[in-house]
Peer 1: 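Quick one: the structure is below, and I'll ask about it shortly.
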Amino acid sequence: MDKLERYRQVICSFLKEQGEIVPVNGTIETETVFDHEAERYLLLHLGWNGQQRIYSVVIHLEVREGKVWIQQNTTDFSVAEELLKRGVAREDIVLGLKPAFVREYTGFGVV
């Protein structure tokens, strides 16, 4: 199995596991969206908390040019550290949610 296919499997497995966590407030569903053609992978919350509509992207990951980009993380844990534990190389993780000039100081991949 090549590196990118392994990374795709890691991402999907990770997001599926996170999707099993049920939000505590309201009637909120958790969904995973895997677009293998465009290399975009999302974990969403949607539903209602009383009269308030809930629609949020919890985690957004992308595969670009052989690297895993973290575009969104609204959890209280480090998605980058989780990807490292699952075998994604440090230099292949890009913190897309950080400004480009900051990424070189994060210890993760830069582009």
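Values below: every heavy atom of this structure, side chains too, minus hydrogens, waters and symmetry copies.
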Peer 1: Is there a side-chain contact between L44 and V58 (heavy atoms, below 4.5 Å)?
Peer 2: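 They are not in side-chain contact.
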
Peer 1: Contact between L83 and I70 at the side-chain level, heavy atoms closer than 4.5 Å - yes or no?
Peer 2: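 Answer yes - side chains close enough.
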
Peer 1: For R86, check side chain to side chain donor-acceptor pair (under 3.5 Å) against everything at least two apart and list the hits.
Peer 2: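 Per chain and number, R86 pairs via side chain to side chain donor-acceptor pair (under 3.5 Å) with E17.
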
Peer 1: For I28, which fellow cluster members are found when Ile, Leu, Val, Met, Phe, Trp and Tyr are connected by side-chain heavy-atom distances below 4.5 angstrom, either directly or through intermediates?
Peer 2: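 Besides I28, the hydrophobic cluster comprises I54, listed by chain and residue number.
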
Peer 1: Is L84 close to R90 at the side-chain level, that is, under 4.5 Å between some pair of heavy atoms?
Peer 2: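 Touching, per the 4.5 Å side-chain cut-off.
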
Peer 1: So do C12 and H36 actually touch side chain to side chain, heavy atoms under 4.5 Å?
Peer 2: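 Heavy-atom side-chain distance check passes, below 4.5 Å.
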
Peer 1: Would I59 end up clustered with L42 when hydrophobic side chains under 4.5 Å apart are linked, directly or stepwise?
Peer 2: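 No, it is not one cluster - the side chains of I59 and L42 are not joined through contacts under 4.5 Å.
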
Peer 1: Transitively linked via ILVMFWY side-chain contacts under 4.5 Å: L46 with V33?
Peer 2: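 Yes, it is one cluster - the side chains of L46 and V33 are joined through contacts under 4.5 Å.
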
Peer 1: Compare all side-chain heavy atoms of L61 with those of Q71 and state whether any distance is below 4.5 angstrom.
Peer 2: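 No; the side chains remain at least 4.5 Å from each other.
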
Peer 1: Which atom names give the shortest non-hydrogen contact between K3 and G66, and what distance separates them?
Peer 2: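 Smallest heavy-atom distance, with atoms named: NZ-O, 3.7 Å.
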
Peer 1: Can you find a heavy atom in the side chain of E20 that is under 4.5 Å from one in the side chain of Q18?
Peer 2: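 Side chain of E20 against side chain of Q18, heavy atoms only: no contact under 4.5 Å found.
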
Peer 1: Tell me, please, which residues at least two apart from V63 pass side chain to side chain contact (heavy atoms under 4.5 Å, CB included).
Peer 2: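 Scan of V63 (side chain to side chain contact (heavy atoms under 4.5 Å, CB included), adjacent residues dropped) gives L4, I11, E39, Y41.
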
Peer 1: So if you build clusters from Ile, Leu, Val, Met, Phe, Trp, Tyr with side-chain heavy-atom gaps below 4.5 Å, do V68 and V94 land together?
Peer 2: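 Result: no, two separate clusters.
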
Peer 1: Identify every side-chain donor-acceptor pair in residues 97-108 under 3.5 Å, counting partners at least two apart or on other chains, and give the distances.
Peer 2:
unit_1 : atom_1 : unit_2 : atom_2 : d
R103   : NE     : L95    : O      : 3.1
R103   : NE     : K98    : O      : 3.1
R103   : NH2    : K98    : O      : 3.2
T106   : OG1    : R103   : O      : 2.7
T106   : OG1    : F108   : N      : 3.2

Peer 1: Pairs in or reaching into residues 65-78: which pass salt bridge (Lys or Arg N to Asp or Glu O under 4.0 Å), with residues at least two apart or in two chains?
Peer 2: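 Listed once each, the pairs are K67-D92.
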
Peer 1: Can you hop from Y7 to F34 via hydrophobic side chains spaced under 4.5 Å?
Peer 2: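 Same cluster: Y7 reaches F34 through Ile, Leu, Val, Met, Phe, Trp or Tyr contacts under 4.5 Å.
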
Peer 1: Could you give all pairs that pass the side-chain hydrogen bond (donor to acceptor under 3.5 Å, both in side chains) test and reach residues 42-53, with sequence neighbours left out?
Peer 2: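 Output for this query lists T30-H45.
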
Peer 1: To the nearest 0.5 Å, how far apart are CG in L15 and CD in E82?
Peer 2: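 One finds 11.0 Å between CG of L15 and CD of E82.
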
Peer 1: Is the CZ atom of F77 crowded by more than 12 outside heavy atoms at less than 6.0 Å?
Peer 2: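 Enclosed: over 12 neighbouring heavy atoms sit under 6.0 Å from CZ of F77.
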
